[in-house]
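Everything below concerns the one structure shown next.
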Amino acid sequence: KTLRTAVIHTSVSGKHPHRSPITPLEPLHRERMRPVVRDLYKQILVVGRAYPAGLDAVRDRAKREFRERADLRTEADIRKAVGYGRYMLREMRALIQLKKYRTLKAKGYGAPAQR
């Protein structure tokens with residue numbers, strides 16, 4: 001375990017100087033949660049392509065939010081932040097569907113035919 005922690009410590013601190021390095025005393029739950037967080041970020045970017053404000057706005061906001069929470073240490077705090085991110089993802093999808101609906105309604109689709 002000590003060797004694995006030391007390898008993770010050097011790889012994280014070497015590639016990403018803005019992240020705080022993982023110390024050997026710190027539990028590995030952050031490493032276990034990393035794929036979950038990365039997947040959430042990727043999903044947000046994919047949904048951001050269709051978001052009304054545009055991908056650039058979504059990417060900037062996502063980066064800011066993820067960096068604000070980069071120093072979370074406990075698994076419970078990380079899971080809570082991931083839950084909030086998933087909630088925001090659902091809200092983004094709902095807003096995209098609403099925009100599509102309003103666009104179709106404005107064009108006259110879905111309205112009963114006039115005789």
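Using a 4.0 Å cut-off between charged side-chain N and carboxylate O, Asp60 and Lys63 make no salt bridge.
Placement of Leu55 and Leu40 within a single hydrophobic cluster is found when ILVMFWY residues are connected by side-chain heavy-atom separations under 4.5 Å, directly or transitively. Linking ILVMFWY side-chain heavy atoms closer than 4.5 Å, directly or via other members, places Leu98 and Ile96 in a single hydrophobic cluster. No continuous path of ILVMFWY side-chain contacts below 4.5 Å connects Tyr51 to Met88, so the two sit in separate hydrophobic clusters. No chain of hydrophobic side-chain contacts below 4.5 Å, direct or via other Ile, Leu, Val, Met, Phe, Trp or Tyr residues, connects Tyr84 to Val58.
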**OP:** Take Arg86 and Val36, measure what side-chain contact (heavy atoms from CB on, under 4.5 Å) needs, and give me the verdict at the end.
**Re:** CA-CA 11 Å; Arg86 288 179 178 159; Val36 175; 3.6 Å; yes
**OP:** Please lay out, stage by stage, how Asp77 and Lys80 fare under the test salt bridge (Lys or Arg N to Asp or Glu O under 4.0 Å).
**Re:** CA-CA 5 Å; Asp77 289 341; Lys80 185 176 178 182; over 6 Å; no
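Rounding to the nearest 0.5 Å places CD of Glu75 at 6.0 Å from CE of Met33. A distance of 14.0 Å separates CZ in Arg59 from CZ in Arg64, rounded to the nearest 0.5 Å.
The minimum heavy-atom distance between Leu72 and Ala81, with the atom names listed, is CD1-CB, 3.8 Å. Here the shortest heavy-atom pairing between Ile78 and Arg73 reads CD1-O, 4.4 Å.
Sparse packing is recorded around CZ of Arg61, with 12 or fewer heavy atoms of other residues, nucleotides or ligands lying under 6.0 Å away.
Residues forming a ring-ring contact (aromatic ring centres under 6.0 Å, His included) with Phe66 (at least two apart in sequence, or on another chain): Tyr41.
For residues 91-109, the set of pairs meeting the salt bridge (Lys or Arg N to Asp or Glu O under 4.0 Å) definition, not counting sequence neighbours, is empty.
Using a 4.5 Å heavy-atom threshold, the side chains of Leu45 and Arg49 count as separate.
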